[in-house]
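The structure appears right after this line, and notes come after that.
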Amino acid sequence: MRKLLIFAILITGFYSCDKIEDEYMYDDSISESWESIADKTSDKLIEEFWNSSGYFNYGSNESDLGFQYWPNAHAMDAVIDAYIRTNDSKYSAYFTPWFEGIKVKNGGNYYNEFYDDMEWNALTFLRMYEITKEEKYMAAVNVLWEDIIKAWNEEFAGGGLAWKKDQLYSKNACSNGPASILAARLYQLTKDQKYLDWTLKIYNWQKNTLYDQATGAVFDNIDGRTDVLNRVALTYNQGTFLGTAVELYRITGDVIYLNDAQKIANYTITKCIDASNNVLRDEGNGDGALFKGIFIRYFVDYLSLEEINPLYKNKFENFLINNGKVAWTRGNDNNVLLFGSSWGTVPVGNTQLTSQTSAAMLFEGLVRFSNF
């Protein structure tokens with residue numbers, strides 16, 4: 001993942017109170033159901049971005065026919081969400097064309113120089129396997145997994161998975177969080193102990209190296225040549241570390257992971273926000289426009305747990321709903337149904353795959369949440 005936008009996240013001022021009894025003063029009431037909104041947003045994603053060659057274009061209305069590997073995985077995840085929600089074959093009809101199409105666009109294989117890009121596609125392939133039971137998807141997961149674990153090295157920063165194949169010294173949250181989620185899900189599917197061992201190995205290294213255990217902030221990366229930490233906290237990284245904590249709590253029942261998840265979630269919804277409307281902040285165009293949707297996916301997974309502290313649960317749920325209300329009422333023109341990088345501002349002109357996918361993930365997540 002090419003994160004050239006991190007400088008924009010260093011802007012300060014996006015903070016709100018940490019008190020768990022905070023009330024939400026923003027009530028943009030909506031009359032439509034989340035199901036209806038998810039239908040419209042996910043269908044618009046396909047209508048505006050799908051390329052008949054078997055991948056999602058980078059720009060709406062054919063404004064950018066470029067291929068970006070990792071956003072394609074998330075766009076297909078939104079389509080998978082829509083299929084699971086509706087059981088409508090119009091969504092599953094895209095599975096095979098996409099699986100074959102991105103392989104062609106990626107040069108005839110699923111490998112990539114960025115380890116996190118492979119991790120995201122492996123997670124999507126795994127979901128497709130769980131739905132269809134078609135072995136081709138699982139075979140692709142296994143191929144990618146064997147390449148992903150080569151990223152682990154202890155020469156730099158005492159462990160962790162490298163971010164990029166030619167930068168083995170750069171240990172990033174974006175390459176460790178998704179990998180530990182993938183390992184946990186492979187363990188739950190196969191019960192093979194090696195996957196749980198990898199989950200714990202990656203999670204514990206990240207917790208000890210890229211995580212502020214006092215606040216719940218997930219740091220972006222450490223340069224293993226100098227051991228200098230980049231302490232910027234992005235919603236993307238908050239989400240994947242949260243997601244792994246939830247997976248480990250489900251597997252082990254150990255409350256330490258439940259406590260980790262609470263701290264990570266609370267930090268994100270109080271520090272990584274636009275305080276003017278209490279929604280996740282705008283983290284820029286390009287890759288950054290997808291970050292919020294990734295956090296929402298794993299935040300919704302967390303909210304499915306029955307054991308969440310009730311003093312926090314109400315705040316967390318209100319925050320999720322508020323994001324949906326603001327994004328729907330302020331973040332798009334309902335006659336156009338396109339979303340930009342900010343959920344509080346209507347985009348002008350064409351939009352990017354990353355921002356539209358992020359919005360689709362939000363509304364599909366709200367449907368899942370409403371069905372708990």
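- Ring geometry, F299 versus F316: the interplanar angle exceeds 60°, so the pair is classed perpendicular (tilted spans 30 to 60°).
- Without hydrogens or angle criteria, S370 side chain to V367 main chain gives a donor-acceptor distance under 3.5 Å.
- Considering all non-hydrogen atoms of both residues, L126 and V141 come closest at N-CG2, 3.6 Å.
- With respect to the salt-bridge test (charged N to carboxylate O, under 4.0 angstrom), the residues K165 and D147 qualify.
- A cation-pi contact, defined as under 6.0 Å to the ring centre and within 45° of the axis, links K292 to W343.
- Using modelled atom types, one finds no donor on one side chain facing an acceptor on the other under 3.5 Å when comparing N51 with Y58.
- The closest side-chain donor-acceptor pair between S180 and Q206, if any, does not fall under 3.5 angstrom.
- Within the 3.5 Å criterion, the main-chain N or O of L161 finds a donor-acceptor partner in the side chain of N176.
- Side-chain atoms of D197 and Q193 include a donor-acceptor pair closer than 3.5 Å.
- We find the OH-CH2 distance between Y115 and W163 to be 13.0 Å, quoted to the nearest 0.5 Å.
- The main-chain N or O of N153 is found under 3.5 Å from a side-chain atom of K171 such that the two form a donor-acceptor pair.
- When all heavy atoms are compared, the tightest approach of T199 to A184 is OG1-N, 3.0 Å.
- Considering all non-hydrogen atoms of both residues, L168 and F156 come closest at O-CD1, 3.6 Å.
- Under 3.5 Å, the side chains of S63 and N61 contain no donor-acceptor pair of N or O atoms.
- The shortest non-hydrogen separation linking A157 to W205 is O-NE1, 3.0 Å.
- Between F125 and Y110, the ring planes lie perpendicular to each other; the angle is over 60°, past the 30° to 60° tilted range.
- No donor-acceptor pair closer than 3.5 Å links the side chain of Q356 to the backbone N or O of S60.
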Salt bridge (Lys or Arg N to Asp or Glu O under 4.0 Å) between E283 and R281, intermediate numbers included: CA-CA 6 Å; E283 290 174 298; R281 68 191 176 199; 3.6 Å; yes
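- Between Y298 and G239, the shortest heavy-atom contact is CB-O, 3.2 Å.
- When only modelled atom types and interatomic distance are considered, D116 and N172 share no side-chain donor-acceptor pair under 3.5 Å.
- Judged by distance alone, the side chain of D223 and the main-chain N or O of R225 form a donor-acceptor pair under 3.5 Å.
- The two residues K313 and L303 come nearest to each other via the heavy atoms NZ-O, 3.5 Å.
- Under the 4.0 Å criterion applied to side-chain N and carboxylate O atoms, D81 and R127 are assigned as salt-bridge partners.
- With hydrogens and angles ignored, the 3.5 Å screen pairs a side-chain donor or acceptor of T244 with a backbone N or O of T240.
- No side-chain donor-acceptor contact under 3.5 Å links S355 to the backbone of T351.
- Between F67 and Y69, the angle of the ring planes lies from 30° to 60°, which puts this pair in the tilted group.
- A donor and an acceptor atom, one from each side chain of N221 and S170, are nowhere located under 3.5 Å apart.
- Using a 30° and 60° split on the angle between ring planes, W152 and W198 fall in the perpendicular class, above 60°.
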Test log, rule ring pair (Phe, Tyr, Trp, His ring centres under 6.0 Å), inputs F369 and W34: CA-CA 10 Å; F369 166 74; W34 295 126; 9.2 Å; no
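- Results of the ring pair (Phe, Tyr, Trp, His ring centres under 6.0 Å) test with Y137 over Y129, F99, F95, W98 single out F99 as the only residue that passes.
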Criterion ring pair (Phe, Tyr, Trp, His ring centres under 6.0 Å) on W70 and Y236, from CA distance to verdict: CA-CA 13 Å; W70 86 283; Y236 168 97; 5.6 Å; yes
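- Under 3.5 Å, the side chains of D260 and Y203 contain a donor-acceptor pair of N or O atoms.
- In this structure, K191 satisfies the cation-pi test against Y187, with its NZ or CZ atom closer than 6.0 Å to the six-membered ring centre and inside 45 degrees of the ring normal.
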